[in-house]
Structures are given as C-alpha cells and as structure tokens.
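Read through the structure below, which is laid out as structure tokens, and then see the notes.
Along the sequence shown, residues are numbered consecutively beginning with 1. FYI, side chains are in, hydrogens and waters are out, and symmetry mates aren't considered; it's all heavy atoms of this structure.
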Amino acid sequence: MKLQKNSGHSISSLFSLMLFGVFALFLMLMLLFCARVYQQTVKQTASDSSLGTAVTYLTTKFRQHDQSGGIFTGSLDGIPALCFRDEIKGKDYITYIYLDNNELTELFTARDSRASSSAGTAICSVSDFQVKKMDNGFYRISLKSTDQISTEFLLHSTAASDPGTGTGQKEAS
C-alpha cells in the first residue's frame with residue numbers, strides 16, 4: 001500500500017485559519033469604533049440634557065410669571081439676572097435666576113431683603129447665561145453648556161406692561 005500525503009487539506013486549513021483571523025480583526029476594529037461612537041453619544045446626550053433642563057426650567061418660570069410687572073432683568077451682587085416677581089399674602093418676592101460658578105442658579109427671596117448670590121440653589125451646570133430684554137416684550141436668552149455647546153432662544157411676554165415697574169429693580173443692559 002502506498003500512502004499519499006494530501007497537501008490540499010493543510011492549505012485549506014491554513015486558508016480557513018487566516019480567514020478567521022481577518023474576521024476577528026475586523027470584528028475587534030468595529031467594536032472599538034462603536035465604543036468610541038457610544039462614548040461621544042453619551043457625552044452629547046449629557047450636554048443636551050443639561051441645556052434642555054435649563055431651557056425647560058426658564059420657559060416654565062417665564063410662563064408662570066407672564067403678567068404685568070412679573071418679569072424683568074436685574075442684578076444680584078452685580079451679577080446679571082432674569083427676575084420674576086411674586087406677591088404672596090400682600091408681600092413682594094423676587095426670584096433671581098443667574099450664573100454662579102458655572103451653575104445656573106435660582107434664589108427666591110423677599111424683595112426688601114439683603115440677598116446674597118451665594119445663597120442660591122443650583123439648577124444645572126452651564127458655562128454661560130445671558131438675558132437681554134428686547135423690544136415688544138421679547139427676551140433673548142443665551143446658554144452655553146460646560147461642553148461649549150450653545151443655544152439661544154426668544155421668550156415673549158404677553159403682558160401689556162412688561163418691564164416690572166414698581167419693583168425697584170434696574171434693567172440690566
């Protein structure tokens with residue numbers, strides 16, 4: 001009996017092993033690429049969430065106070081603020097919303113009290129917050145996240161007399 005060595009079998013095994021190696025390499029590269037995309041998406045979502053929280057909060061506060069003298073711009077300890085006036089049991093209160101140490105901050109206090117900006121409550125992290133009162137009852141609000149993503153929007157007061165007369169607050173420029 002003559003034994004014949006089958007060399008075709010070893011070449012096909014080597015080819016199959018190389019094909020599996022290439023497949024495994026591409027699989028690893030795809031997993032690494034997908035992990036990077038996932039990290040960027042999570043980072044973007046967190047930033048969008050922070051800005052979304054701020055926009056929703058500001059819009060809700062604005063709508064709650066959309067009455068004559070209820071909304072105005074002012075300052076607290078020299079920090080520009082969006083201000084909302086409330087009257088509770090005959091006493092005036094002011095809610096200040098301002099930027100303090102990269103935090104959008106709210107402070108609710110009696111109008112005649114000596115309020116300090118350090119006493120406010122943080123709402124969310126932002127690196128910039130600006131409010132500008134425009135003509136016809138519009139307020140332009142600009143926000144920037146800590147990831148340097150910006151948003152700007154307009155809110156309109158439907159109240160007839162919007163500037164907040166009688167509040168004792170100056171309009172910020």
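- Qualifying side chain to side chain donor-acceptor pair (under 3.5 Å) partners for S16, counting only residues two or more places apart in sequence or in other chains: none.
- Residues satisfying the side chain to side chain donor-acceptor pair (under 3.5 Å) test with K61, not counting sequence neighbours, are E106.
- For F108, the ring-ring contact (aromatic ring centres under 6.0 Å, His included) criterion is met by Y93, not counting sequence neighbours.
- When hydrophobic side chains of Ile, Leu, Val, Met, Phe, Trp and Tyr are connected at separations under 4.5 Å, M30 ends up as a singleton with no cluster partners.
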Please tabulate, one pair per line, all N/O donor-acceptor pairs under 3.5 Å involving side-chain atoms of residues 76-83, not counting sequence neighbours.
unit_1	atom_1	unit_2	atom_2	d
D77	OD2	S117	N	2.6
D77	OD2	S117	OG	3.1

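- Side-chain contact between Y96 and T105 is absent, with no heavy-atom pair separated by less than 4.5 Å.
- The shortest distance between side-chain heavy atoms of Q130 and L99 does not fall below 4.5 Å.
- S118 pairs by the side-chain contact (heavy atoms from CB on, under 4.5 Å) definition with S116, not counting sequence neighbours.
- Every residue two or more places apart in sequence or in another chain that forms a side-chain contact (heavy atoms from CB on, under 4.5 Å) with L154 is listed here: M134, F138, R140.
- Scanning for ring-ring contact (aromatic ring centres under 6.0 Å, His included) contacts around F84 gives H65, with sequence neighbours left out.
- Residues passing the side chain to side chain donor-acceptor pair (under 3.5 Å) test with S150: none are found, sequence neighbours excluded.
- N102 and S127 are not linked by any side-chain donor-acceptor pair at a separation below 3.5 angstrom, with hydrogens and angles left out of the test.
- Contact of the Y98 side chain with the S75 side chain is not registered, since no non-hydrogen atoms from C-beta on lie closer than 4.5 Å.
- Of all heavy-atom pairs spanning H156 and D66, the tightest one is O-OD2, 4.0 Å.
- Side-chain atoms of Y139 and L58, non-hydrogen and from C-beta on, never get closer than 4.5 Å to each other.
- Partners of A122 according to the side-chain contact (heavy atoms from CB on, under 4.5 Å) rule, which considers only residues two or more places apart in sequence or in another chain, are E103.
- Scanning both residues, R85 and S68, for their nearest heavy atoms gives NH2-O, 4.4 Å.
- Separation of atoms CG (L104) and CG (D128) is listed at 11.0 Å; rounding is to 0.5 Å.
- Under the side-chain contact (heavy atoms from CB on, under 4.5 Å) criterion, V37 pairs with F33, T41, not counting sequence neighbours.
- Looking at Q64 and T60, their side chains come closer than 4.5 Å, going by heavy atoms from C-beta outward.
- Remark: T59 engages no residue in a side chain to side chain donor-acceptor pair (under 3.5 Å) (not counting sequence neighbours).
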